[in-house]
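Step one of this worksheet: look at the structure below.
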Amino acid sequence: MRNQSNYRILLVEDDPAHAELIEREFASDSLCQLHTVGTLAQARQSMRLAAPDLVITDLRLPDGEGTELIEPDGRCPTIVMTAYSDERVAVQVIKSGAADYIVKSPETMAAMPRAASRVLREWRLMFEQKLANERQQRLTAILEATPDLICIADLDGFLTYINRAGREMLGITADEDIGRIRLADFHSPADGQKILRDGIPTAVRNGTWSDETTFRTNNGEMILTSQVLISHRNQRGDIEFFSTIARDIRHLRAAEERVEYLAYYDPLTGLPNRNELAKRLDMEVSRVRRNHRHGALLFIDLDNFKTINDSLGHPVGDQVLKEMGLRLRKYLRGDDTVARLGGDEFVVILSGLSADSIEAVAQAREIANKIRDTVALECHVNDTDLHLTASIGITMITSDDASGHDLLRFADTAMYEAKREGRNRSEFFSETMSSDVSRQLELENLLRRALRERQFQLFYQPLVDARGHIIGAETLIRWDHPERGITAPSEFLEVLESTGQIVEVGDWVVSSALAQVTQWMQQGIWHEDFALCINISPRQFRDPQFASNVQSQLERFNLSSRNIVMEVTEHNIIHDLDDAILRMGELMQCGIRFSLDDFGTGYSSLSHLKNLPVSHIKIDRSFVHDICNNAGDEAMVASILALSRHLGLKVVAEGVETEQQFALLQDHGCEYFQGFYFGKPVSAFEMSELLAASESAA
């Protein structure tokens, strides 16, 4: 290793994302010059041309393993990275002569310059000593730095070495003579027998043995570990000693159990969630068909619960939901099930009702009334007395062919009927409602066909500045039905959202809008500083693949993202603000901006605005409509504009229909506008003409 101020580091990484992250971390390190290649062949060629001071390599490469780059004479240290945390791999890599072994994660890759600095420093010190001592010291340093228990034992099982993590795990003091200690002394009796009966013979026969074992520490604590037992042989083939690696996996097991729990139970109330409900509902349907005793399904929705969340905050709302879950469980029978679907929606399965249909209906009605009564009891939260009511939809579970999914839809439909009839009541599902459900199903099928046969179209409404010049457009979807003609989104978006089709349709909207903008740019009528606004639905926004899909579409069209504005409503994000901010951040990293649509209609818009990473807000058309005649609306608009200027946000006024509205908004400092006064939503062809005319006028 040369004595110089700058170190040459060779990074061998075939994953561009990982390579870019590591390169970015080294960019600010003036002492290191980083050169990146992606294969073993390229790495060998680079090492022949200019010997590096350090090699950082991925274990798995397209043409071999990174450990092949480790020089046997130790002239150049090597850090080996892998995406898998495996004790056996760790041992293999260290035995190969690697200077360090790092499990890939955003944290470890971000800390790579510090790891590189540490390795270079340690290697320089060790290189001045004999090769054998150097390797021994390196191995010892690694073992002592490892957070897992690592120990060496002789053939009789007595320890000859145990690392610091092992001492701390088992409670062995630094001055304690480990030569009198056997690792088996710390195993539970059952695990001790397992190691004697299976572990040691397997390690002798195959070289290694691994399993989960439990250690009992000196202070009586029980620690579940993932343990590897390794046998080591001399040149004659005789076993000289054993080594053990044990990792504390209690937190991993707890996390696994937590994930398993969250898959089937609601973390807030502890009630079964939608997944568990579906299983139990299918079981109840089978039970009814088997013994012919009726059941019932109750869909419960708390009335005006949103008001509690908006006025008192989500922590209070959560306490109310917990209390309601406890009340529902308390008043139901042992075989019944109460589940939380989400939000303020609960579902109850009544099992084992009468075989007589009339009597079963009466039993279901009686229980539903009791539930409404218990919901209506005063709820005391944080020194506040709350009074709630519930709307309940009921459908009977009989021996017919209805599936659990159908029954849930029927009860949901009946619940909405109870809402329409004035709330705080129970409604049974009826044939009339069934007709409504049938129409809903028909519409769902038509919408699936519409997507398949490309019946959806994109319309565009101009976005203008204070001079009336076009500076962009909002993308709006329309359904061009073969018989009904152009259908407004209000007729079908809710169905797309409820069925999940909105995700696929939303992807089509993004792709088609970007393709259209690309065409306009090629025609020279769309400027790079124009804004393309795309509405994002709640389910589309929550889709885990949403950000990556948008990014891939931008790459596909080679389109800049800096003027793409994604429009979300407060309703999209309010239920999980932290998650929404993270999702928005994913796209903001590649240049996309966000606009908060329909601003002013939510109870808590102002309180959330300072926390949301948005660059634009849209004043809802309901305020603009009467701004010239309603002093309250004018004051609201003036306040929004003043607050936005203070926060550095751009404001778009929606629904501008008259010159008077336009002038008044300008007087209050509004800079961007949208509405029929400037242009209705038009087809792509008509929008092209508007853009061309605007370009000519300019």
Side-chain angles (χ1 to χ4, degrees), residues 17 106 259 262-264 266-267 273-275 277-278 340-343 345 405 408-409 412 443-445 447-452 454-456 458 474-479 489-490 492-517 532-557 559 561 564-598 602 608 611-616:
V259 169
L262 293 177
Y264 296 101
D266 171 49
N273 63 11
R274 185 182 294 270
N275 294 332
L277 173 67
R340 182 186 176 215
L341 284 189
E345 295 178 338
H405 178 70
L408 196 58
R409 290 166 61 92
D412 188 18
L443 182 57
E444 290 178 15
N445 292 329
L447 288 170
R448 289 190 181 93
R449 182 176 179 181
L451 181 60
R452 187 171 59 251
R454 300 185 178 181
Q455 295 175 8
F456 291 115
L458 290 187
E474 179 179 359
T475 304
L476 302 166
I477 190 172
R478 298 290 186 268
W479 178 15
S490 59
F492 60 87
L493 279 184
E494 185 176 345
V495 177
L496 289 177
E497 183 77 19
S498 64
T499 60
Q501 296 179 70
I502 193 66
V503 175
E504 187 175 1
V505 173
D507 288 342
W508 173 85
V509 169
V510 172
S511 176
S512 301
L514 296 183
Q516 184 62 65
V517 167
L532 175 67
C533 303
I534 304 175
N535 290 284
I536 305 301
S537 78
R539 181 169 289 198
Q540 183 185 10
F541 182 74
R542 293 192 297 269
D543 180 42
Q545 303 302 318
F546 173 60
S548 60
N549 288 344
V550 173
Q551 292 174 7
S552 65
Q553 293 291 351
L554 289 169
E555 294 172 1
R556 172 188 170 193
F557 293 107
L559 195 63
S561 60
I564 303 299
V565 180
M566 297 292 183
E567 295 191 359
V568 296
T569 63
E570 186 179 13
H571 177 69
N572 286 23
I573 58 181
I574 198 64
H575 295 297
D576 194 340
L577 197 61
D578 292 338
D579 180 69
I581 292 173
L582 288 175
R583 291 180 181 275
M584 294 167 76
E586 290 183 56
L587 286 172
M588 291 176 65
Q589 288 180 356
C590 68
I592 287 177
R593 294 176 294 169
F594 280 86
S595 171
L596 192 61
D597 201 5
D598 298 337
H608 291 134
N611 298 319
L612 290 172
V614 296
S615 59
H616 296 64

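All values below come from the heavy atoms of this structure, side chains included, with hydrogens, waters and symmetry mates left out.
Surrounding CZ of Arg274 are at most 12 heavy atoms belonging to other residues, nucleotides or ligands under 6.0 Å away. Under a cut-off of 6.0 angstrom, the local environment of CZ in Arg449 is sparse, with at most 12 non-hydrogen atoms contributed by other residues, nucleotides or ligands.
Between Leu612 and Val568 the shortest side-chain heavy-atom distance does not fall below 4.5 Å. For the pair Asp543/Asn549, a side-chain contact is recorded, criterion being any heavy-atom separation below 4.5 Å from C-beta on. Side-chain atoms of Leu493 and Val505, non-hydrogen and from C-beta on, never get closer than 4.5 Å to each other. Two residues are said to be in side-chain contact when any heavy atoms from C-beta on lie closer than 4.5 Å; Ile564 and Val510 fail this criterion. Counting heavy atoms from C-beta on, the side chains of Gln501 and Leu451 never come closer than 4.5 Å. Ser511 places a side-chain heavy atom less than 4.5 Å from the side chain of Arg556. No side-chain heavy atom of Leu458 sits under 4.5 Å from any side-chain heavy atom of Gln516.
A tilted orientation is assigned to the rings of Trp479 and Phe456, their planes being inclined by 30° to 60°. Taking the six-membered ring where the residue is Trp, Phe594 and Phe541 present perpendicular rings, their angle passing 60° and hence far from 30°.
Closest non-hydrogen pair, Val565 versus Ser595, comes out as CG1-CB, 3.5 Å. Shortest non-hydrogen contact noted between Cys533 and Glu567 is CB-OE2, 3.1 Å.
For the side-chain contact (heavy atoms from CB on, under 4.5 Å) with Met566, the lone residue among Asn535, Leu532, Ile592 that qualifies is Ile592.
A donor-acceptor pair under 3.5 Å links the side-chain atoms of Ser537 to the main chain of Gln540, judged by distance alone.
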